[in-house]
Every structure is written in C-alpha cells, then in structure tokens.
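I'd like to ask you about the structure that follows.
For reference, positions follow the sequence shown, starting with 1.
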Amino acid sequence: MNAMVQSFQNMGSIRIVTLTVVGAILLAVFAFLSFRLSSPVMTPLYTNLSQEDAGRIVTELGSMGVSFQIASGGGEVLVNSADVLRVRMQLAQKGLPNKGSIVGYEVFDRDVAMGTSNFVLNVNLVRALEGELGRTISSMSTIRGARVHLVMPKRNLFEREAVRPSASVVLNLQDQSRMPAEETRAVRHMVSSAVPGMKAEDVTVVDSNGKILARGASAENGEAGAMAPENAAEMQLEVELRYRQRIENLLEKVVGVGKVQAQVTAAMSFDRVVTNEEVYDPDGAVARSVQTSEEVATSRDGGAGSVSVANNLPSGAAGGVGGDSSSTEKADEVTNFEISRKVTNQIQEVGKIQKLSVAVLIDGRYQTVIAAGEGGDDEEVEQYIPRTDEELEQLNSLVQTAIGYDRERGDNVEIINMQFTNEGADFLMEEGPFDWLIRDLDSIIKTFMVGIVAILTIMLIIRPLVQRAFEVTAADDVGVEENSALQVTSSGGLPAASAMEYDMVMSEGQPVSVEMIQSNMGNAPAKRINELIDNNPEETLAVIRTWLRK
C-alpha cells in the first residue's frame, strides 16, 4: 500500500492531471450510458398534429402529470411507452385530437340562443356535415387528414330545374404518393352518398400537393361532352395496364414467372356521341280504327193522287187499294291505318376501344447438359431451347380470348419467342432472412456501438497511459536504488564517474552544461535531480524543449 502511495506521489503533477481528466471522462460516459439504458422508452402518442391540437394535448398532459417530449417541430408528442394507451383513452374522452379547427355535429350540442336566424342554422348544418365527412375520410389508413367543402345551392321559387350540390375534398396523404384510383372512387361515393341530391361525378378530389385525383362533372366534360385530355390519357393508361396484367398473369401459369413480357396499345375514342333515330316501315301498316254506318229508306205511292185513310194504312190493310213502293239502302265504312315506326335514342359514352395492339415476348426453355469446360473437365451448363410453333399458336389463342379479340375492329396480336438476357440480374438484391431483425433492433445496435466505442477507448487509450505512468514511476524507483548502490560500491565506470563529476561541479559552483544534465539525469538520484533543476532552471527548460522536439 505504501509502495502504491509512493508511486502515486512520484508520478508528477502532469500525469495526475491526465489520469484525473480521463477518469472524469469515463465516469461521464458510463453515467450517460446508464442514463440512456435506464430512462423510459418514449413512444409517439400522436403524429402530424396541427398546432391547435398539439397545444391542447400538451396542456392536458401537463394537468395530468404525464411526462412528455415534443418533436418534429411541434407536430409530434412522445410519452412513455407504458402510458400510451391510457393517455390516448383519457384524451379521447375530451375529444382530442380534434384535427385542428374541424367541427362536427357537436356544434349543435350548445343551446340555440333566442333569435338565431335560419341562415345561421343552415351554415352550422353545412359546417357539421363537412367536419364529420373530414373525420371519416381521415380514418382511412392512407390518408393523414382531409378537408371537405360543400356547396349547397338554395332552391328558388318557380325554378323548374334544381342545381345539384357539389363538393371538393383536399387530402393530405401519408406517404405523399399518388392515391390509388379505387380509394379515390370510394371517397367520391362516400361524400355523394352523405349529401342529398349529389352524384359521385359532382365531387372533385385534390391532394395536398395540388394534384387533381378526380375531376368534377363540370371539369370532366367539355362543351361537346368530350373528356378532358388529362383524364383521357389516364383512362387509356389504366386500360392498357389492365390488359397487360391480365395477359401476363395468364401466360405466367404456362411459361413460368418472369418469362413473359407484354405491352398493350389501346386506340380509344373519347367523344361522347348522342344518336336519335326514327324509322317508318311502310309495309307494317296496321288498322288503327274501323267505322261502319248503314242507312235503309222505304217509300210508297198511293195512286190518283187521292188522299184517304186507306192510302195511309199499312200494306194489305187497305183491302185491294193499289199503289207503287220503293226501298233504299246505304252503307259506309271508314278504316284508319297506322304506319309502324321505330324511335332510337343512343348515347355512346367516352372511352370506347377502337383497336387493340398486343405485343408479347416469351422466353424459351432451359435444359441442363454436360459440356466440356476450359480445363478439360466436364461441367453443367444450361442450354436454351426455343418453343415450338404449336405452343405459340396455343398461347396466341389464349391471348386473343383474354383481350376479347375482334377481327373486324382491327385488333392485332403478335407473340414472339426470344431468349431473355440475364444482364443486370446481379444487381438485384434479395431481402435476407434477418433483415427484419436489423430493422427492429436498430436502437439496441446503437447502444452496443456506444459501449464498444467506450471499451475501445479504455483499452487503446486509457489503459496504455496508466501502464506507462506506473512503468515510469517504477523505473524511477529502480534508478534511485541502483544509483545509490553504485555510489557506495562502484570503483570505476560511467555511473560512478558521472556521480563524482556531478558532485565536483556542484561543489565548485561551475556552470552546468546541457550534455552533463542529460548524461546524469538517468543515473542521479531523485534528490540530486531536484536540486539540479532548482539550481539550473534555464538549462532544465532547454532539456525539456529538446525532448518535446523529439
């Protein structure tokens, strides 16, 4: 123990300060690591919050006594992972988060003041409907937030045709990518179903980057009913993609996955055509109505122009009185005929396919064969075998059936068999079986890296410094003992001579040279070295500077 204390005292002030600084750094590193490992894991409570919601949530967390952190410029609030579910349920009871200024049907929870006009009630109804629709749309997994604006036209008196309501929806997507067409249609139908009298084509959908995801009816159709150029190109690409996927999925079942590539070009008509046709058939006359009338008239002449009662009696009642009689019959028939006619009203919607051109590239078969290598040894190689004409004909029939081939329409299908190249396949990186472990243990790996750096610092920097300090101290002690023994027992040689020379110089008071100090520094006792430094400070400083330059 005394030896260690003596060694520590003989180390010098510079070494002691160095060891103290290194020890303080080590303590700070270990304290930081222990604090990081012992501190609770902070998990996001809510992300992508508006400033209004973030302020209210922070206020509620402070009143609840829950520790939290704010990140992402105030749009993200983090709490202890063990408290996430409990805090979310407590905040949900208070209606948080509320998506900023979005107000739903809770606007009617407050009592209506006396004198509130019908206009204010109608505005609150529109606000509530917009807020509820925005909340419902925001609940979709691919949508971060939504704003809905409704236009509810007022029905005027004596107006025959009512103006349909319309809506515009602004979406804030999660990954800032283009929203799938199916989800866009779902949003349009959901909004139109919630508003009476609104149709899906009356809803315009836009994302936060200003891209139009779905156009309203007024923007989709021009003056003549033609589709807008942007929607026409999008619809054409969608049709071509659908046909291409259909062909590839069908042929991959036969030729194998990755051995077929198809391209489809669709010539489409985007003109909206309305046809009214009225045809009369002269051979198809049909009796519509028949009107028949008959008239019978009878007259008799009594003779000699006399007028008597007998002449006016019925025939045979006059008892032989003679005279002439006449009878007239008349029949009329009127028939009304209707000529048959055919009335056709045909509306041809946009997007009619006029022609399909399909190009299919198919890879052949590969067979493993034994071939002679460069060194004379046999090795296995893959030999390409093209497909037969019969197989290509069968594949052609499959493709024609899949696309609804129409010869009169001018459809064209070409299937070519060629060998696929493998250049560039080495650059395709497949996901390894342990990649998920690396992603999940990212924080643990960072902690291990910090620990490894601390260990390397101790082993490569601090440990050599400490060992060198103790070795120098031990060497000084050994040098002191050896010099004392040499002064007592030595009868000749360099150490004794150096000690005698030092004593002679010190006794005579002669100036001491730098060479003399350097030659006696390693052999003189520690007490004499201290005396030499005290008596010759300038020369000692010169020696130290010489060491530093080396």
task: Apply side chain to side chain donor-acceptor pair (under 3.5 Å) to the pair E183 and T142, showing each step before the final yes or no.
output: CA-CA 9 Å; E183 297 184 7; T142 57; 2.6 Å; yes
message: With side chain to side chain contact (heavy atoms under 4.5 Å, CB included) as the criterion, how do I247 and V360 come out once you've worked through the C-alpha distance, each side chain's angles and the decisive distance to 0.1 Å?
response: CA-CA 9 Å; I247 294 172; V360 183; 4.1 Å; yes
- request: Take atom CD of E238 as the centre, draw a 6.0 Å sphere, and report whether it contains more than 12 heavy atoms from other residues, nucleotides or ligands.
  value: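 No, because the 6.0 Å sphere around CD of E238 holds 12 heavy atoms or fewer from other groups.
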Whether over 12 other heavy atoms sit under 6.0 Å from K199 NZ: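 No.
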message: If you define the side chain from C-beta out and look only at heavy atoms, does anything of N80 sit under 4.5 Å from T43?
response: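 Not touching, per the 4.5 Å side-chain cut-off.
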- prompt: Side chain of S138, backbone of A146: donor and acceptor closer than 3.5 Å?
  reply: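 Yes.
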query: Under the side chain to side chain contact (heavy atoms under 4.5 Å, CB included) test, which residues partner I25, sequence neighbours left out?
result: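 With neighbours one apart ignored, the set is V21, V29.
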message: Distance check, rounded to the nearest 0.5 Å: H149 atom NE2 versus S166 atom OG?
response: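 The distance works out to 12.0 Å.
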field: Any donor-acceptor pair under 3.5 Å from S193 side chain to M190 backbone
entry: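 Absent.
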query: Of all heavy-atom pairs between E240 and A266, which one has the smallest distance, and what is that distance?
result: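 Heavy-atom minimum between the residues: OE2-N, 3.1 Å.
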- request: State, with a plain yes or no, whether a side-chain heavy atom of L395 is found less than 4.5 Å away from one of V254.
  value: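 Yes, at least one pair of side-chain atoms sits under 4.5 Å.
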query: Say you draw a straight line from NZ of K211 to CG of L173; how long is it, rounded to the nearest 0.5 Å?
result: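 CG of L173 is found 9.5 Å from NZ of K211.
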message: For E252 versus V260, what's the shortest heavy-atom pair and its separation?
response: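 Heavy atoms only, the tightest pair is CG-CG1, 3.4 Å.
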query: Are R147 and N172 close enough that some pair of their side-chain heavy atoms sits under 4.5 Å apart?
result: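 Heavy-atom side-chain distance check fails, nothing below 4.5 Å.
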- request: Say whether, by atom type as modelled, one donor and one acceptor occur between the side chain of N249 and the main chain of Q245 under 3.5 angstrom.
  value: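 The answer is yes, because a donor-acceptor pair under 3.5 Å joins these two groups.
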Non-hydrogen atoms of P153 and P165 that approach each other most closely: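 In this case the closest contact between P153 and P165 is CD-CA, 3.6 Å.
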- prompt: To the nearest 0.5 Å, how far apart are CG in L150 and CD in E130?
  reply: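 The distance works out to 4.5 Å.
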field: Worked check of side chain to side chain contact (heavy atoms under 4.5 Å, CB included) between V195 and M152
entry: CA-CA 9 Å; V195 181; M152 309 291 289; 3.7 Å; yes
message: Just to verify, which of I212, L171, V170, V191 counts as forming a side chain to side chain contact (heavy atoms under 4.5 Å, CB included) with V205?
response: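 So, applying the side chain to side chain contact (heavy atoms under 4.5 Å, CB included) to V205 and each of I212, L171, V170, V191, only L171 qualifies.
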message: Donor-acceptor pair, distance only, cut-off 3.5 Å: does the side chain of Q263 make one with the backbone of A359?
response: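 Not confirmed, Q263 side chain does not pair with A359 backbone.
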task: Please lay out, stage by stage, how I70 and V58 fare under the test side chain to side chain contact (heavy atoms under 4.5 Å, CB included).
output: CA-CA 9 Å; I70 301 175; V58 168; 3.9 Å; yes
- prompt: Between R188 (side chain) and V203 (backbone), is there a donor-acceptor pair under 3.5 Å?
  reply: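 It does hold such a pair.
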- prompt: Any salt bridge between R135 and E132, counting N to O under 4.0 Å?
  reply: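 Between E132 and R135 there is a salt bridge, with a charged N closer than 4.0 Å to a carboxylate O.
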task: Please report the C-alpha distance between V255 and D363 in whole Å, then the side-chain angles of each, then the deciding distance to 0.1 Å, and finally whether the side chain to side chain contact (heavy atoms under 4.5 Å, CB included) criterion is met.
output: CA-CA 8 Å; V255 300; D363 195 9; over 6 Å; no
- request: To the nearest 0.5 Å, tell me how far Q236 CD sits from T265 OG1.
  value: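 Answer rounded to 0.5 Å: 8.0 Å.
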task: Quick one: pull up CG in L91 and CG in L61 and give me the separation to the nearest 0.5 Å.
output: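 Result: 5.5 Å between the selected atoms.
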message: So does G210 get a backbone contact from the side chain of D207, meaning a donor-acceptor N/O pair under 3.5 Å?
response: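 Answer holds: yes.
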query: Has the side chain of R88 got a donor or acceptor atom that lies under 3.5 Å from a matching backbone atom of L45?
result: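 Yes: the side chain of R88 pairs with the backbone of L45.
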message: If the condition is ring-ring contact (aromatic ring centres under 6.0 Å, His included), which residues does F420 pass it with, not counting sequence neighbours?
response: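 F420 satisfies ring-ring contact (aromatic ring centres under 6.0 Å, His included) with no residue once adjacent residues are dropped.
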message: Are the side chains of I353 and Y243 in contact, using a 4.5 Å heavy-atom criterion?
response: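 Counting from C-beta outward, Y243 and I353 do come under 4.5 Å.
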- prompt: If you draw a 6.0 Å radius around CG in L85, do more than 12 non-hydrogen atoms from other residues or ligands fall strictly inside?
  reply: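 12 or below, so no.
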Expected output: side-chain E248 to main-chain Q261 donor-acceptor under 3.5 Å: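 Not at all, since once roles are kept as given, no pair shorter than 3.5 Å links the two residues.
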field: Residues which pass side chain to side chain contact (heavy atoms under 4.5 Å, CB included) with E76, listed by chain and number, not counting sequence neighbours
entry: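 Partners of E76 under the side chain to side chain contact (heavy atoms under 4.5 Å, CB included) test: P44, T47, A71, S72, L78.
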task: Taking only Lys NZ, Arg NE, NH1 and NH2, and the carboxylate oxygens of Asp or Glu, determine whether D83 and R86 approach each other closer than 4.0 Å.
output: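 Yes, charged N to carboxylate O under 4.0 Å.
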- request: Could you tell me the separation between the CG atom of L237 and the CZ atom of R244, rounded to the nearest 0.5 Å?
  value: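 Taking CG in L237 and CZ in R244, the distance rounds to 10.5 Å.
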- prompt: If only atom types and distance count, is the side chain of R246 paired as donor or acceptor with the main-chain N or O of A402 below 3.5 Å?
  reply: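 Yes; judged by distance alone, with no hydrogens or angles, the pair exists.
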Enclosure of M64 CE (heavy-atom neighbours >12, cutoff 6.0 Å):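 Count over threshold, so yes.
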